[in-house]
Amino acid sequence: MAEQINTTSYKPNLEVYSETLQRLAETDRNIIAVTSDSRGSGKLVPFGKRFPQQIVEVGIAEQNLVGVAAGLASCNKKVFATSPACFLTARALEQIKNDVAYSNNPVNVIGISAGVSYGALGTTHHSLHDFAALRAINNIIVAAPADNWETEQAIELAAKTELPVYLRFGKKPMPFLKEAADEIFAFGKGRIITEGDAIAIIACGETVLPALEAAALLQEENIAATVVSMHTIKPLDTELLSAVARKCQAILTVEEHSIYGGLGEACAAYLLQQGMGKPFKIMGIPDEYTVTGSQGDIFTHYGISKAGIAEAAKTLIGTTIQEQN
Amino acid sequence: MTVKELKQKSAEYRKRILKYIVKAKAGHTGGSLSCTDILNVLYNGIMNVFPENFSSPDRDRYIQSKGHTVEALFVVLADKGFFPEEDLNTLCQYQSHYIGHPTRKVNGVEQNTGALGHGLPIAVGTAIAGKLDRKDYNVYTLLGDGELPEGSNWEAALTAAHYKLDNLCAIIDKNSLQITAPTADVCNTDPLDEKWKSFGWAVKEVDGNDVEALRKVLHQHPFEAGKPSLLIAHTTKGKGVSYMENVLKWHHGVPSEAEYEQAIKELDQVLKTL
Ligand SMILES: Cc1ncc(C[n+]2csc(CCOP(=O)(O)OP(=O)(O)O)c2C)c(N)n1
Ligand SMILES: [Mg+2]
């Protein structure tokens, strides 16, 4: 679908989700959105108007939402269970584990306004645990598309995939990471956005953007960074990970998630078990009462910014593993 | 407090709710205005909870399950002296404890809420503890009507009746709207009275925007010995501001400057005619 991309205008991934789902629903009556008073936040109001027979509303009841979605999926419906990531992956975690993953009902669990997108609404509305929780559950793909292209591709692919899928994204308009014309999107295949051998910055979702900006800043000081959009957290693209680890002096991971149990730890575990030790740092939200404020405030506070990532990269490049200890 | 004074308070609270929502450029406007009178009556005459006794194990407890309408709670807590009202100028700002949902970082807040369907189970536990410790405090919790499909509410409803928690009073802010549409069109929960009665609760209904009626009915808690009380408070979402009343978009709509001025004018008019 690369030719459909308009690289000059970009929008929140949420909107791309809604548009893609509408496009799929035009030719496929089995596409069903399930919502829990969440169609407004999920940008699915137009979907509901155009396809009233293809939306199931359960009210504010996320456990019910995922259970109902599993039942629909068992009858060959291509289900997109859509609700804020925080509620889906905390309250309805058992439904995801048993009714979706374990029972192999291929629901697409769509976590909207993920990470700290809800900013000052606070911890109840943040999902900083979803990668960790779902990585530990067998039989579900876990992905966080970064830009509009990845989002469109991921939704199209999820509709075709016969495995349960969890996708999460945020509300911020996300510029295209690069011209994607000749790429093929696949779950479990990360994307190299820029290449350099001083440091690899591996990010996902809305943190890829500040990672790219940091790489540009580093370039001004002749530090060449590789930036990877590792949209799929599970299964992890270990081939790509090994390749960048071989090439680069140091590895920095960045995610809108707890530093525990997410992308960073997944990379670290793989590399260590391969005996590929490198100076390594995980950037994310630390294990503390999350600072209050907007998503931007929270990112800046924890160094998930152009300057913060560049600074962390320079510090990491200058150290050896021994010094890091 | 006289009925007139209570009515004055409600209008003042509504003005402040709007003021801080406009300042923060965020907030849950409609649902804060629908529950203003309920919070007013609870904190000004019904509940035995003040800054002075907030650490006492004997205090009454208020747990706001519909946490998103925190602006109403913050304004009332400030008025009761739990913290200086100026603090609310930092609402939703970087490093402020005054965020878009109740948190215990704010003096006077009993429990962190915001994910719907959590208040009632916590209130049930708090009420059971009161029974175990032979305390005579009451526990109050406020639920939204859109919130009711969360299964945890009904699980807790069973526990409350099983433990005969007549020290527990749950109030439903039945403003008949949620985010997407009228509650009856999203997931119909009517008839509520019959449902709760069949779950073993003593049920009463009231005009939830009438402070006099609210005070009278809340004084009757427990509605029946040996049963938890459920009060269905029929309210208007956006109450007190003509263009917000019963209009869906004001769930989390933030008034423009002109809209704000108009709202303040209307509320000042209410104050004048009291
Ligand atoms: C578990 C959970 N799901 C979804 C939400 C998002 N949400 C916040 S308010 C709201 C609508 C609430 O409607 P209602 O309970 O009727 O409240 P009110 O009308 O009093 O504002 C929703 C869906 C939430 N806060 N928690
Ligand atoms: Mg309501």
inquiry  = Show, in sequence, the C-alpha distance, side-chain angles and deciding distance for B:Y94 and A:T300, and conclude whether the side chain to side chain contact (heavy atoms under 4.5 Å, CB included) test is met.
reply    = CA-CA 11 Å; B:Y94 177 51; A:T300 307; over 6 Å; no
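To the nearest 0.5 Å, atoms CD (B:Q178) and CD1 (A:I60) are separated by 4.5 Å. A distance of 7.0 Å separates CD in A:Q63 from CD in B:E150, rounded to the nearest 0.5 Å. Between the OG atom of A:S38 and the CD1 atom of B:I179 there is a distance of 8.5 Å, given to the nearest 0.5 Å. Rounded to the nearest 0.5 Å, atoms OG1 (B:T183) and CG (A:D37) are 8.0 Å apart. Interatomic distance, OG1 of A:T124 versus CD1 of B:I99, reported as 6.5 Å (0.5 Å rounding).
In terms of heavy-atom pairs under 4.5 angstrom with chain B, the leader among A:I298, A:L121, A:N64 is A:L121. Contact tally against chain A (heavy-atom pairs below 4.5 Å) for B:Q95, B:E147, B:H101: the top residue is B:H101.
Only the side chain of B:S152 has a heavy atom closer than 4.5 Å to any heavy atom of chain A. The part of A:V58 that comes within reach of chain B is its backbone (N, CA, C, O), which places non-hydrogen atoms under 4.5 angstrom from that chain. Residue B:T189: no heavy atom, backbone or side chain, is found under 4.5 Å from chain A. Looking at B:Q93, the atoms closer than 4.5 Å to chain A (heavy atoms on both sides) all sit in the backbone: N, CA, C or O.
Closest non-hydrogen pair, B:P149 versus A:A61, comes out as O-CB, 3.5 Å. Looking at every heavy atom in both residues, A:R91 comes nearest to B:A115 through NH1-CB, 4.4 Å.
Crowding of B:K80 atom NZ: a count of heavy atoms from other residues, nucleotides or ligands under 6.0 Å exceeding 12. The 12-atom threshold is not exceeded at CD of A:E94, counting heavy atoms of other residues, nucleotides or ligands nearer than 6.0 Å. The environment of A:R29 atom CZ is sparse: at most 12 non-hydrogen atoms of other residues, nucleotides or ligands sit within 6.0 angstrom. Residue B:Y243 places its OH atom among more than 12 non-hydrogen atoms of other residues, nucleotides or ligands, all under 6.0 Å distant. Annotation for B:Y163: atom OH does not count as buried by contact number, only 12 or fewer foreign heavy atoms lying within 6.0 Å. Counting heavy atoms of neighbouring residues, nucleotides and ligands inside a 6.0 Å radius, atom CZ of B:F199 exceeds 12 of them. More than 12 heavy atoms of other residues, nucleotides or ligands sit less than 6.0 Å from atom CD of A:E288. Annotation: A:K43, atom NZ; neighbour count of heavy atoms from other residues, nucleotides and ligands within 6.0 Å does not exceed 12.
Checked by atom type and distance alone, the side chain of A:T292 pairs as donor or acceptor with a backbone atom of B:S96 at under 3.5 Å.
Ring-plane geometry between A:Y289 and B:H97 is classed as perpendicular, the angle between the planes exceeding 60 degrees on a 0 to 90 degree scale with a lower cut at 30.
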